[in-house]
Every structure is written in structure tokens, then in C-alpha cells.
Amino acid sequence: MTTPTTRPALDLIRRPRRNRLSSAIRDLTQETRLLVTDLVAPLFVKEDSGAPEPIASMPGQFRYNIADLVKECGHLQSLGIQAVALFPQIASEHKDPHGSYALAQKNVLFAAIKTVKDAHPDLVIISDVALDPYTDHGHDGLVDAQTGIVMNDATVEILCLLSIELAKSGADIVAPSDMMDGRIGAIRTALDETGFINRGILAYSAKFASAYYGPFRDAVGSKKSPDAPPLDKRNYQLNPANAREAMLEARLDEEEGADMLMVKPAGLYLDIIRQLRDRTALPVAAYQVSGEYAQIHAAADRGWLNLAATRDESLLAIKRAGADIILTYFAKDIAQTLA
Ligand code: PBG
């Protein structure tokens, strides 16, 4: 270092930039770090045995047949990813208004979970619990024909049966994403009564009625046609304007026995993640949803944003806000970068 010869113009005691002057000092003073062990990779499984199908609105994401899903899980695990969240794409001929196929023994999700668990017993399998992959209307539960509103208690009954089947198949954690009232307590009881006391519940506690689920609905085919208007789920998902109500939902899920609480989407709801982190001792998960992923890819594609830098910043911000666990379609990319 050279010895300064001139006195600085400003008489400052505090110069915070000292802590940012070199890469090494920036590393020493970095407060938040993204780890591969924070990440959960959401994956889609399809019923047919054809080649993996790319999902147009989610570059780099595929619908896998079971054999390829198992391979992908092995690959992710070798990169250090310890958990996957599985979603089925159900053929339209298997859908009906009641989502009956959810409980069919032939449901591809059950076979997928079994096969992945057999091949990779240490990989944590998280399985979504909701009826939207199986209903022809695309709602997460049974719809009252008169009012068009999703029926709460009748839906919860089916979700309990579905949770038991998922546990039997080998799911380590079930993740109800439906936002029905009382479903966490009911599912806890159902799992306990069938002997699955050690299977966890990751509650989608603060799941907002978001426009950012669009690409996911393409991926699981819960959209009637490509140009159909977005499905209105506001009678069960949270109003994006409401933070207090999100805290109420999370508190109820905790009281009902949830093991982990989730906020979804993530990037637009950092305040919710932070508030929840400050209020609960449970692990907080955040789901960087399909629209967040698609948005970054689309802008990067046009050369308007740098993909890797935007991706890393988006995930670091979610971690800094207080998320312990992050579900993200970037999981594999990040694992490859960190490896
Ligand atoms: C449905 C479900 C959705 C997502 C996960 N589970 C969509 C919805 O509520 O319509 C969205 C995930 C994403 O957008 O990445 N139960």
C-alpha cells in the first residue's frame, strides 16, 4: 500500500466502503450465502414413456417419464441437491370435475414417488397435495356447482386420503398447496392414524392468488386452452394485498401441526417471508414460482438482463429476507455453478 500524502477532503470517521474494496474483503463481510443445501428442485412427471418434453414457458424444464425422472433425481443428488418437489401432468382423459384420478392406484405420481425412493432413498421427496392436476376445471378442490366456490370440508377429506397414498408411496413430506381451512390438522391426524407419524407437512401457508403461476399451469396442463384467461382462485388463495392475513394463515398451520411453513410466490413477497421468519421458530420455505423463473429467462433471452447475475440476485434476496428453504427451478443451475 502506498502512503497517502494528501489529507482527505472529508473528515470522515466512518467509511463503509473500506469493507467493500476488494473481493476478499467483500467475501469476509458477506452476510448471506446461498447454499446448494438450501434448495429444492421442483420436477414434473408425465404419464407416457416418451422422451422428456420441454416446457415452452419454462426454459430448461421438462416433463419427464418416470425412468428419466429417476435419472434426473440422481443427477441432482450428485450435484448436492437433497430434495425434490414432484408434480404430475395428468392426461386430460383422466380428469373429471371431482379429480377422482388423484386417488386412482394408477396415478402416475404414486409410481413416480415409489420408483424415485427405491433408486435414491436419501433424496427427500416432497409431494404437492391439491386436486388441480386432476380436475378438468383446474381448481384445487371440488367446486360447488351453484356458487362456483371451492368446497372446503369435502375437499379436505379427499386431500387427507391423497396424503395417505403419497405417504404409502414413499413421500417424506406432503405439501398441501390448496389453501383449504383446517387441512393441516386433518392431514396430520390422517397420517398419524395410518402410522405415518414421521412424515412431515410443509404447509403452503401464505399462498397468494398470483398471476405468476401461469407457466406452471401450462406445465401441468391445468389450463383449458393456451389463451384461456387465468383461473380465478381468489376464493381460496390469499389476496396479494394482505400481509396480516398471511400471518394468520401461517399461525393456524403451525397450531395445526405443520413442520415447515411456506410463502409463495417468493420474490414479490419478501416482506411476508421476513415477517414470518421473525414470528415462527419453524423453518420457513419460499417458492420462487414459474412466473418468476420465466420472467428472468425471457428478459435474458432478449439480452435485457444477464441470466446468471439476475438469477443469483433473485435467490440471494429470498434467502436474505429469511427463507431457510428455497424451491426454485434454478436449483440445478445453481448447484452446477456452486459445484
Ligand atoms: C397448485 C399449485 C400451483 C403451483 C404449485 N402448486 C399453481 C396454482 O395454484 O394454480 C405453482 C407453482 C409455480 O408457479 O411454479 N396447487
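All values below were derived from every heavy atom in this structure, side-chain atoms included, with hydrogens, water molecules and symmetry-related copies excluded. Numbering of ligands and ligand atoms starts at 1, following listing order.
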S.K.: With heavy atoms of Tyr287 as the reference, note each atom of ligand 1 found under 4.0 Å away.
M.R.: 12 (C), 15 (O)
S.K.: What residue and heavy atom of the protein are closest to atom 8 (C) of ligand 1, and at what distance?
M.R.: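 I find the closest protein heavy atom is Lys233 NZ, 3.4 Å.
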S.K.: Polar contacts were defined as any N/O atom of the residue lying under 3.5 Å from an N/O atom of the ligand; does this apply to Tyr204 and ligand 1?
M.R.: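 For ligand 1, there is no N or O atom that lies under 3.5 Å from one belonging to Tyr204.
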S.K.: So, the side chain of Arg63 versus the backbone of Glu53: is there a donor-acceptor pair under 3.5 Å, distance only?
M.R.: no
S.K.: Restricting to pairs with a member in residues 30-60, which pass ring-ring contact (aromatic ring centres under 6.0 Å, His included), not counting sequence neighbours?
M.R.: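 Found Phe44-Phe87, Phe44-Phe216.
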S.K.: Is the number of heavy atoms from other residues, nucleotides or ligands within 6.0 Å of CZ (Arg33) greater than 12?
M.R.: yes
S.K.: Measure the distance from atom 16 (N) of ligand 1 to every protein heavy atom, then report the residue, atom name and distance (to 0.1 Å) of the closest one.
M.R.: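 Checking every protein heavy atom, the shortest distance to atom 16 (N) of ligand 1 gives Ser177 OG, 2.7 Å.
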S.K.: Is it true that, when you exclude Ile197 itself, more than 12 heavy atoms of the residues, nucleotides or ligands shown sit nearer than 6.0 Å to its CD1?
M.R.: no
S.K.: Students should be able to answer this: which protein heavy-atom is nearest to atom 14 (O) of ligand 1, and at what distance?
M.R.: Ser290 OG, 2.7 Å
S.K.: Below the 3.5 angstrom mark, is there an N/O of Gln288, backbone or side chain, next to an N/O of ligand 1?
M.R.: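 Looking only at distances, the answer is no, because the N/O contact criterion of under 3.5 Å is not met.
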S.K.: Is there a continuous path of hydrophobic side-chain contacts, each under 4.5 Å between heavy atoms, that joins Met262 to Leu270?
M.R.: yes
S.K.: Out of Arg217, Gln61, Lys264, whose heavy atom is nearest to atom 4 (C) of ligand 1?
M.R.: Lys264
S.K.: State plainly whether one hydrophobic cluster holds both Ile318 and Leu305, where clusters connect Ile, Leu, Val, Met, Phe, Trp and Tyr through side-chain heavy atoms under 4.5 angstrom apart.
M.R.: no
S.K.: What atoms of ligand 1 come closer than 4.0 angstrom to any heavy atom of Asp140?
M.R.: 1 (C), 16 (N)
S.K.: What atoms of ligand 1 come closer than 4.0 angstrom to any heavy atom of Asp132?
M.R.: 1 (C), 2 (C), 16 (N)
S.K.: What is the nearest protein non-hydrogen atom to atom 2 (C) of ligand 1, stated with its residue, atom name and distance?
M.R.: Lys207 NZ, 3.2 Å
S.K.: Can you tell me if Asn107 uses its side chain to pair, donor with acceptor, with the backbone of Ala102 under 3.5 Å?
M.R.: yes
S.K.: Keeping to residues at least two apart or across chains, list the ring-ring contact (aromatic ring centres under 6.0 Å, His included) pairs with something in residues 100-132.
M.R.: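 ring-ring contact (aromatic ring centres under 6.0 Å, His included) check on residues 100-132 returns His94-Tyr101.
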S.K.: Pick, from Phe216, Phe87, Tyr236, the option with the minimum heavy-atom distance to atom 13 (C) of ligand 1.
M.R.: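 Going through Phe216, Phe87, Tyr236 one by one, Phe216 has the nearest heavy atom to atom 13 (C) of ligand 1.
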